[in-house]
Amino acid sequence: KSAEWPEANEFRFTGNQFRIYGDVGPDGGWADVYVDGAKQLTKLEFWNPEARVDQPVYSKSGLANGEHEVKVVPLNAGNPLSKGTRVRIRSIQHSAAVGESGYGSGGGPKGPQRMIFGYTGREDFVDSRGNRWKPATEWVVRTGFATDTIEKAWWTKRRSMYIGNAEDEELYRYGAHGKEFWVNLTVAPGTYDLRLKFADTALTPWMEREENWQRVLRSVQVWINDAEAIPPTKISEAAGGLYKAYDREFKGIQPRNGMIQVRFKGVGRDEAVIQALELVPAG
């Protein structure tokens with residue numbers, strides 16, 4: 001339902017969710033919003049470089065289905081870029097709709113998913129078996145406030161060294177790294193096989209000297225759907241040295257809430273790494 005906001009800055013409705021719409025522009029300011037008397041943690045922002053009419057400025061869901069009160073309090077202040085402090089509220093939309101809580105129960109892809117971490121090529125990589133591999137983009141890493149996650153956690157510079165133990169060396173020439181990161185693979189109901197591809201690839205001649213290996217070896221611990229799949233493992237030791245591939249395969253994995261989560265964590269001071277990931281229907 002949608003209703004025009006009254007002259008007062010309070011509005012009562014029956015439902016479990018709502019959205020506030022307003023006009024934004026170069027002279028827009030800030031306002032606080034209260035829901036059932038509780039001040040919300042975020043400010044309403046009505047500034048925008050260009051004037052825009054009827055824009056969503058705030059939304060909240062997950063309320064108990066019932067009577068609620070929304071109150072907006074202008075702060076007579078705005079961000080440094082604003083030419084004013086205007087707060088223009090146009091309407092509120094609210095709903096009492098309810099639905100199934102078990103999301104993602106069938107809408108995911110059923111086919112193979114193959115991805116190379118750190119790969120930035122415009123074209124898919126086609127391996128020696130004719131399989132297509134895409135850049136891995138939908139994964140999560142936290143590198144700190146106002147940091148560039150690509151700079152901090154992607155190895156985009158292609159490694160030109162020979163990669164041992166590998167049928168397709170190109171799959172191991174890039175990578176992702178960090179203290180902890182994870183991949184959420186959206187899938188259709190079914191059973192899947194997962195293959196993880198690792199390699200510890202040195203970056204400088206100093207790191208390639210054997211006496212320095214222990215100072216650069218990377219360790220990884222892996223969980224699949226919150227169950228430990230790989231205990232703490234030094235990748236170079238498992239592979240037999242730097243610039244060598246180390247693969248692990250896990251069969252018979254079933255999704256939970258429509259997805260399979262793979263979480264990587266570094267051991268001690270070490271960073272976790274991953275070069276490529278392949279998820280295929282079982283069998």
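Residue numbers count from 1 along this sequence. Bear in mind the structure is a predicted one, so any value in this text is a computation, not a measurement.
- Arg90 and Asp23 are joined by a salt bridge, as a carboxylate oxygen and a charged side-chain nitrogen come within less than 4.0 angstrom of each other.
- For the pair Asn16 (side chain) and Asn65 (backbone), a donor-acceptor distance under 3.5 Å is absent.
- Judged purely by atom type and a 3.5 angstrom limit, Arg173 has no side-chain atom pairing as donor or acceptor with the backbone of Thr201.
- In summary, the side chains of Tyr172 and Asp247 do present a donor paired with an acceptor at a separation below 3.5 Å, with no hydrogens or angles considered.
- Hydrophobic clustering, with ILVMFWY side chains joined whenever heavy atoms are under 4.5 angstrom apart, keeps Val140 apart from Leu279.
- Within the 3.5 Å criterion, the main-chain N or O of Gly15 finds a donor-acceptor partner in the side chain of His68.
- Using a 4.0 Å cut-off between charged side-chain N and carboxylate O, Glu167 and Arg129 make a salt bridge.
- Between Phe264 and Leu196 there is a side-chain heavy-atom pair separated by less than 4.5 Å.
- In this structure, CD in Gln261 is found 11.0 Å from OG1 in Thr186, a value given to the nearest 0.5 Å.
- The distance between the ring centers of Phe13 and Phe18 falls below 6.0 angstrom.
- In this structure, CE in Met115 is found 5.0 Å from CG in Leu185, a value given to the nearest 0.5 Å.
- Using modelled atom types, one finds no donor on one side chain facing an acceptor on the other under 3.5 Å when comparing Asp32 with Gln40.
- Taking every heavy atom of both residues into account, Asp193 and Ala282 meet most closely at OD2-CA, 3.7 Å.
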Residues Trp182, Lys265; criterion side chain to side chain contact (heavy atoms under 4.5 Å, CB included); working and verdict: CA-CA 9 Å; Trp182 58 95; Lys265 187 174 182 180; over 6 Å; no
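- A cation-pi geometry, defined here as NZ or CZ lying under 6.0 Å from the six-membered ring centre and within 45° of its normal, does not hold between Arg263 and Trp223.
- Between Lys60 and Val33 there is no side-chain heavy-atom pair separated by less than 4.5 Å.
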Output, in order, the C-alpha distance, side-chain angles, deciding distance and verdict of salt bridge (Lys or Arg N to Asp or Glu O under 4.0 Å) for Arg88 and Asp27. CA-CA 10 Å; Arg88 302 179 180 91; Asp27 62 348; 2.9 Å; yes
Could you go through Trp139 and Val262, starting from their C-alpha distance and side-chain angles, then the distance that decides it, and tell me whether this counts as side chain to side chain contact (heavy atoms under 4.5 Å, CB included)? CA-CA 10 Å; Trp139 56 281; Val262 187; over 6 Å; no
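- Nearest heavy-atom pair across Ser82 and Pro26 is OG-O, 3.4 Å.
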Can Tyr34 and Val73 be said to form a side chain to side chain contact (heavy atoms under 4.5 Å, CB included), step by step? CA-CA 8 Å; Tyr34 294 76; Val73 179; 3.8 Å; yes
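- Ion pair Asp270/Lys234 flagged as a salt bridge, since at least one NZ, NE, NH1 or NH2 atom sits closer than 4.0 Å to an Asp/Glu carboxylate oxygen.
- Hydrophobic clustering of Ile, Leu, Val, Met, Phe, Trp and Tyr side chains at less than 4.5 Å, counting indirect connections, unites Tyr192 with Val222.
- One finds a salt bridge joining Glu170 and Arg158 here, because a Lys/Arg side-chain nitrogen approaches an Asp/Glu carboxylate oxygen to under 4.0 Å.
- Distance alone, capped at 3.5 Å, is enough to place a donor-acceptor pair between the Gln275 side chain and the Ala199 backbone.
- Once rounded to the nearest 0.5 Å, the distance linking OG of Ser91 with CG of Asp54 reads 5.0 Å.
- Linking Ile, Leu, Val, Met, Phe, Trp and Tyr residues whenever their side-chain heavy atoms come within less than 4.5 Å leaves Leu75 and Phe46 in two separate clusters.
- With contacts defined as side-chain heavy-atom distances shorter than 4.5 Å, the pair Pro281/Pro112 qualifies.
- Tested against His177 for a ring pair (Phe, Tyr, Trp, His ring centres under 6.0 Å), the candidates Trp155, Trp154, Phe117 yield a single pass: Trp155.
- For the side chain to side chain contact (heavy atoms under 4.5 Å, CB included) test with Leu171, the passing option among Arg114, Glu278, Lys197 is Lys197; the others fail.
- Contact detail for Trp133 and Ala276: the closest heavy-atom pair is CZ3-CB, 3.9 Å.
- Between Ser95 and Gln17 there is a side-chain heavy-atom pair separated by less than 4.5 Å.
- In plain terms, the two heavy atoms of Leu242 and Ser236 that are nearest each other are CD2-OG, 3.2 Å.
- Residue Ile230 holds its CD1 atom at 9.5 Å from CD of Gln221, rounded to the nearest 0.5 Å.
- Atom CG of Leu41 has 12 or fewer neighbouring heavy atoms from other residues, nucleotides or ligands inside a 6.0 Å radius.
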Under the side chain to side chain contact (heavy atoms under 4.5 Å, CB included) criterion, do Val220 and Phe198 qualify, and how do the steps go? CA-CA 10 Å; Val220 68; Phe198 303 92; 4.1 Å; yes
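- Between Asn79 and Glu45 there is a side-chain heavy-atom pair separated by less than 4.5 Å.
- Using a 4.5 Å heavy-atom cutoff, the side chains of Thr191 and Ile253 are not in contact.
- Ion pairing of Glu249 with Lys251 is present here, as a side-chain N (NZ or NE/NH1/NH2) and a carboxylate O approach within less than 4.0 Å.
- When the side chains of ILVMFWY residues are joined at heavy-atom separations under 4.5 Å, either directly or via intervening members, Ile235 and Ile224 end up in a single hydrophobic cluster.
- Taking all atoms of both residues into account, the shortest heavy-atom contact from Ala166 to Ile163 is CB-O, 3.8 Å.
- Within the 4.5 Å cutoff, the side chain of Phe11 has no heavy atoms near those of the Ile20 side chain.
- Residues Tyr162 and Glu169 are in side-chain contact: their nearest non-hydrogen atoms beyond the backbone lie under 4.5 Å apart.
- At most 12 heavy atoms of other shown residues, nucleotides or ligands fall within 6.0 angstrom of atom NZ in Lys43.
- Around CZ of Arg86, the count of heavy atoms belonging to other residues, nucleotides or ligands within 6.0 Å does not exceed 12.
- Counted within 6.0 Å of CZ on Arg248, heavy atoms from surrounding residues, nucleotides or ligands total more than 12; the atom is thus considered enclosed.
- For the residue pair Thr85 and Asn76, no side-chain donor N or O sits within less than 3.5 Å of a side-chain acceptor on the partner.
- The minimum heavy-atom distance linking Pro232 with Val267 is given by the pair CB-CG2, 3.7 Å.
- Taken from CG in Leu277 to CG in Leu194, the straight-line distance is 5.0 Å, to the nearest 0.5 Å.
- Note that CG of Asn184 is 11.0 Å distant from CD1 of Ile260, once rounded to the nearest 0.5 Å.
- Note on Tyr246: it clusters hydrophobically with Val273, by side-chain heavy-atom contacts below 4.5 Å among ILVMFWY residues.
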